Amino acid sequence: MDLTDQIRQAISDIYDVPDFVVEHPADENKGDLASNVAMVLAKRERVNPLEKAKEIVDRLKESEQLKDNFSKIEVAGPGFINFWVKDKFYLGKLKEVIEGKNDFGKNLDRNKERVIIEFTDPNPFKVFHIGHLMSNAIGESLSRLIEFSGARVCRACYQGDVGIHVAKAIWGIKEMLDEQNQKIDQWEDIPLDKRVYEMGRAYARGAKEYEESTEAKDKIEKLNKEIYQRTDDSLNTIYDLGRRWSLEYFEKIYDTLGTRFNEYFFESDTSERGSELVREFLSKGVFEESQGAIIFNGEKYGLHTRVFINSMGLPTYEAKELGLAKAKFERFEYDKSIIVTANEINDYFKVLIKALSLIYPDLAFKTEHIGHGMLKLKYGKMSSRTGEVVSGEGLIDDVSVEIKKKMEETGKIKEITDVDNVIKKVAVGAIKYSMLKQSPGKDIIFDFETSLSFEGDSGPYLQYAYARAINIWEKGGRKELTDFDIETEISEEERQLIKWMARFEEIAEAAGRNLTPNLICSYLIELSARFNYFYTKCQVNGSEKENLRLMMTLATAQIIKNGLWLLGIETVEKM
RNA sequence: GUAUCUGUAGCUUAACUGGAUAAAGCAUUCCCCUCCGAAGGGAAAGAUUGUGGGUUCGACUCCCACCAGGUACACCA
């Protein structure tokens, strides 16, 4: 039982009060924990809050368990009760960190729950852009937070391999092949990333023509049908090769990003079954026919109306999504299904989940859509490299260049053997951190100059603190001791640090429960700041308290590592 | 137009879901490497939390109105 619960318990043992708060006061001079019970009770009983608080404190001081962990309980301000924690509690926690290693901080909030989480969702034939990077960063972090809470997680990726966008891309590819007088298999000689880049260009071209020329539009729509029916061999070859290349390329990116999907779903698998569902429930009154299309009248439920099967008889994304819900359940029996996308389709998902609830109520009940903020670009120097839409890989490359410069400046680069690997980890860390550090759902104004800072509130700041800690610990002989005396005296600088370490568990639990990786970010920044301050104030190696301080250093590194893992960011020992 | 989200220091964001003197990072100004990693540390300065009401011991947080911006609203995903 953690300290907060101990206090809650002690209070509940004496008073019958349902609604009160035990929290960490913002100002540490006001104690380590505080409660507002007295104010709640005083209001109910119409008595003076300060006197009530005094009465409560007197009774709490008799509690044996509180006596054990708290050194002081006091009344303050308008009637708050403040609690001071004994140092030995914190020193005990230090041992837990060292013993717990990578498991330190795990909780059982979602013990044995089965959660499927869908994210990233790039479309074959199209560019993997920074929006996908964002979805991936958030989805991967949520997956890890949920796993950290004891759940079994299935990472799922859903990709649109059929539909008009594919036809646009293929139309573009055909145009390009004609101009170059080439056949599609000749593209195999081009490196994979360049090949995929060409397909992205082909898509852009098709999309543009689709808008601008009615002739091209007709052709593309005809292509769409042909692709769907697989009647034309040469078309099938282009489609199959292009699809494969895209998917291979995505795998490469997932590898650098640190995601491994357990299940892949494709629109080509879900469209037929989606159509069937819609037609089946059309007769049951869930859907309606209107202007040749089959729609879901969301207005009946205060939402908006959406088309599920268009007037050409083809299923839209909406219909496919219905098929997907069931397909997911068949592959992974879930207690909860989370779908991560950009927030621009929040309303769309409300309609979808409503429709789903009329078809598969149990599945709809388990489904939750999380809309993350959009990445808004503010163009700076670095993005001018290509002068085009910034692709995910392009961003990683651009950041890598800056990281390398920095490493050359500091001279550390000479001591590192696998330089490219380290650069990639730091670059990905910088990008992911900048996407995770703010509350989910809010848009991110992405400025290359400031968003990707390597100082202060940034991924590299955390990685740097880790590298520094490991370095000091290394010099101290890589010891792992847990037999230090927990009754030992500690200084203020030391206390500030270990006190903060003791909060990791509750932060990880809160982040896992609310699905808010940003809590981990701000926690880790504060931890690193405290460690850096400790470092300037307290000599570790060669000091009288060497062993204790080495363990504080090791524990700091361990928590940074565990926290970064939750963010999907890797640590490096040198950078 | 309707729905919905957002508005906090010059900029980008916090604030433990109603708590105590609103907290950081960039940027600006000043210190600190003969000592374990200066991608660091310390200090200064910077705020009428969009505006106006309301609810109560207590409001950035809840309610109402207004202002400004984003997004979505029938065959794209």
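All chains are named by letter (A, B, ...) in the order of the sequence lines, taking the proteins before the strands, and each is independently numbered beginning at 1. These numbers were taken from a predicted model, which means no experiment stands behind them.
Lys574(A) comes within 4.0 angstrom of a base, heavy atoms only. Within the 4.0 angstrom heavy-atom criterion, no nucleotide atom of any strand lies near Met374(A).
Rounded to whole Å, the distance from CD1 on Ile520(A) to C1' on A14(B) is 15 Å. When the C1' atom of A39(B) is taken as reference, atom NZ of Lys425(A) falls 18 Å away, rounded to whole Å. Across the protein-nucleic acid pair, Phe119(A) atom CZ and A77(B) atom P stand 23 Å apart, rounded to whole Å. Straight-line distance from the CD1 atom of Ile507(A) to the C1' atom of A15(B): 12 Å, rounded to whole Å. The nearest whole Å value for the distance from the CG atom in Asn346(A) to the C1' atom in C73(B) is 13 Å. Going from atom CG of Leu524(A) over to atom P of A39(B) covers 20 Å, rounded to whole Å.
Counting only residues at least two apart or in different chains, side chain to side chain donor-acceptor pair (under 3.5 Å) contacts with residues 531-540 of chain A comprise Tyr461(A)-Asn532(A), Arg468(A)-Asn532(A).
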Can you list, pair by pair, the side-chain donor-acceptor contacts under 3.5 Å of residues 304-315 of chain A, counting residues two or more places apart and other chains?
{"from": "His304(A)", "atom 1": "NE2", "to": "Arg306(A)", "atom 2": "NH1", "distance (Å)": "3.0"}
{"from": "Thr305(A)", "atom 1": "OG1", "to": "Asn297(A)", "atom 2": "OD1", "distance (Å)": "3.4"}
{"from": "Thr305(A)", "atom 1": "OG1", "to": "Glu299(A)", "atom 2": "OE1", "distance (Å)": "3.0"}
{"from": "Arg306(A)", "atom 1": "NE", "to": "Glu318(A)", "atom 2": "OE2", "distance (Å)": "2.7"}
{"from": "Arg306(A)", "atom 1": "NH2", "to": "Glu318(A)", "atom 2": "OE2", "distance (Å)": "3.3"}
{"from": "Asn310(A)", "atom 1": "OD1", "to": "Met312(A)", "atom 2": "N", "distance (Å)": "2.9"}
{"from": "Asn310(A)", "atom 1": "OD1", "to": "Gly313(A)", "atom 2": "N", "distance (Å)": "3.1"}
{"from": "Asn310(A)", "atom 1": "OD1", "to": "Leu314(A)", "atom 2": "N", "distance (Å)": "2.9"}

Provide a list of protein-nucleic acid N or O atom pairs under 3.5 angstrom, restricted to nucleotides 41-45 of chain B.
{"from": "G41(B)", "atom 1": "OP1", "to": "Tyr461(A)", "atom 2": "OH", "distance (Å)": "2.6"}

All N/O pairs under 3.5 Å across the protein-nucleotides 17-21 of chain B interface:
{"from": "G19(B)", "atom 1": "N7", "to": "Asn36(A)", "atom 2": "ND2", "distance (Å)": "3.2"}
{"from": "G19(B)", "atom 1": "O6", "to": "Asn36(A)", "atom 2": "ND2", "distance (Å)": "3.3"}
{"from": "A20(B)", "atom 1": "O2'", "to": "Lys30(A)", "atom 2": "NZ", "distance (Å)": "2.9"}
{"from": "A20(B)", "atom 1": "N6", "to": "Asn82(A)", "atom 2": "OD1", "distance (Å)": "2.8"}
{"from": "A20(B)", "atom 1": "N1", "to": "Asn82(A)", "atom 2": "OD1", "distance (Å)": "3.3"}
{"from": "A20(B)", "atom 1": "N1", "to": "Asn82(A)", "atom 2": "ND2", "distance (Å)": "3.3"}

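Nucleotides A14(B) and G7(B) place their C1' atoms 15 Å apart, quoted to the nearest Å. Rounded to a whole angstrom, the distance from the P atom of U61(B) to that of G53(B) is 14 Å. Comparing the C1' positions of U6(B) and U51(B) gives a spacing of 16 Å, expressed to the nearest Å.
Nearest nucleotide to the Tyr464(A) side chain, out of C36(B), A72(B), G40(B): G40(B).
Evaluation of the salt bridge (Lys or Arg N to Asp or Glu O under 4.0 Å) rule for Glu209(A) yields no partner, not counting sequence neighbours. Phe83(A) pairs by the ring pair (Phe, Tyr, Trp, His ring centres under 6.0 Å) definition with Phe70(A), not counting sequence neighbours. Judged as a ring pair (Phe, Tyr, Trp, His ring centres under 6.0 Å), and not counting sequence neighbours, Phe80(A) has no contacts. Shown here are the salt bridge (Lys or Arg N to Asp or Glu O under 4.0 Å) partners of Arg478(A), two or more places apart in sequence or in another chain: Glu474(A), Glu573(A). Evaluation of the salt bridge (Lys or Arg N to Asp or Glu O under 4.0 Å) rule for Glu505(A) yields Lys93(A) as partners, not counting sequence neighbours. Applying the ring pair (Phe, Tyr, Trp, His ring centres under 6.0 Å) rule to Phe125(A) yields the partners Tyr239(A); only residues at least two apart in sequence or on another chain are considered.
Heavy-atom distances under 4.0 Å link RNA chain B to Lys43(A) of residues 41-54 of chain A, given in residue order. Heavy-atom distances under 4.0 Å link RNA chain B to Arg306(A), Val307(A), Asn310(A), Ser311(A), Thr316(A), Tyr317(A), Lys320(A) of residues 305-321 of chain A, given in residue order.
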